[in-house]
Amino acid sequence: PGTPGRAIVDAVAAGLPIYLAAARDPDPAVRAAVPFVCAFLTLEPAATASVPVLVELLDDPAALVRASAALGLSHAAKFVPALRARALTTLLARWPRLTEPLERRAVALALVRFEEPDLTDLARAHLAGELTAGLPAVSPGPDWPWFRIDSPPFVFCTTFIGTAAGDRDALRAPACAALAHVGHDH
C-alpha cells in the first residue's frame, strides 16, 4: 500500500468491470484479451471477481479465447487458495478431452504453473513431447496476447518450474534440442 507499483495495480484493477464486460464482446480477439489483463490482477477482490468469468470463457466457441482463459485463470487464481483449488480442478477436468493444439498447450502450461507435479504429470509429459518434437507453432498470430506460447525457452522454463525435481534432467535434453530449432524472436 502506498507504493507506486501498488498505485498502478489499483488503477488497472479499477477498470475490472470494463474488462469483465468485454468478455461478452462479439470479437474473439477482444474476448481473448480479457484473460490476459485479468491474469495480472491477482490481489483481492479483483481475483475473486475475475475467476468466474475466466471459467466461463473456458467454454467459449473460439479456441483462442479458451486457450487465453486457461492461461489467465492459472495466473489470476494462483495466490488465493480457494480460487487456486477451483482453477486447478477445473483445468484438470478439461485436460483429458482437449484435442485442439493451441488450447491443449495453453492448458498444459496453465496446469504446470500450479507446481503440483503429482497432479499434472500428463500435461508435463505433453509439453516435454512437444519440446522433443521441436515445439510446433500453435499461436493464432502476432496479436494474440500470450505470444510466448511458441517460445521453446518459455515453454521449457514454465514446464521446468512445475516439474518434480527428479524429472528435470529428463526435460532438459528435449528442451535443449528444441532450442536448436528456435525461429521465434522471444
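All values reported here derive from a predicted model rather than from experimental measurement.
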Return each pair, listed once, that meets salt bridge (Lys or Arg N to Asp or Glu O under 4.0 Å) where at least one residue sits in [range]; pairs must be two or more places apart or across chains.
| range | result |
| --- | --- |
| residues 96-109 | R66-E103, R105-E130, R105-D150 |
| residues 69-84 | K78-E115, R84-E116 |
| residues 25-36 | R31-D60 |

Please report the closest heavy-atom contact between [X] and [Y], naming both atoms and the distance.
| X | Y | result |
| --- | --- | --- |
| A14 | P17 | O-CD, 3.5 Å |
| A23 | V53 | CB-CG1, 3.6 Å |
| L83 | A77 | O-CB, 3.5 Å |
| A123 | L111 | CB-CD1, 3.9 Å |
| A93 | P96 | O-CD, 3.5 Å |
| P35 | S68 | CB-O, 3.2 Å |

Could you pull out every donor-acceptor pair under 3.5 Å between side chains of residues 137-145 and any protein atom, sequence neighbours left out?
{"from": "S139", "atom 1": "OG", "to": "G141", "atom 2": "N", "distance (Å)": "3.4"}
{"from": "S139", "atom 1": "OG", "to": "G141", "atom 2": "O", "distance (Å)": "3.3"}
{"from": "W144", "atom 1": "NE1", "to": "L64", "atom 2": "O", "distance (Å)": "3.3"}

What verdict does the side-chain contact (heavy atoms from CB on, under 4.5 Å) test give for L73 and L57, after you've listed the backbone C-alpha separation in whole Å, the side-chain angles of each residue and the deciding distance to 0.1 Å? CA-CA 10 Å; L73 182 61; L57 288 174; over 6 Å; no
Run the side-chain hydrogen bond (donor to acceptor under 3.5 Å, both in side chains) test against [X] and tell me which residues pass, sequence neighbours left out.
| X | value |
| --- | --- |
| T89 | none |
| E56 | R24 |
| D10 | R6 |
| D59 | R94 |

Using the test side-chain contact (heavy atoms from CB on, under 4.5 Å), find all partners of S50 that sit at least two apart in sequence or belong to another chain. L16, L20, C38, L54, A76
Listed once per pair and sorted, the side chain to side chain donor-acceptor pair (under 3.5 Å) pairs that draw on residues 33-48, sequence neighbours left out: E44-T48
One pair to check against side-chain contact (heavy atoms from CB on, under 4.5 Å): I149 and L71. What are the steps and the verdict? CA-CA 10 Å; I149 199 167; L71 291 164; 4.2 Å; yes
Is there any ring pair (Phe, Tyr, Trp, His ring centres under 6.0 Å) pair reaching into residues 28-84, and which pairs are they, with sequence neighbours excluded? F36-F40, F36-W146, F40-H75, H75-W146
Nearest 0.5 Å, please: how far is CG in L127 from CG in L109? 5.0 Å
Hey, does F114 have a side-chain heavy atom less than 4.5 Å from the side chain of T120? no
In the hydrophobic clustering (ILVMFWY, side-chain contacts below 4.5 Å, transitive), which residues join L43, or is it alone? V9
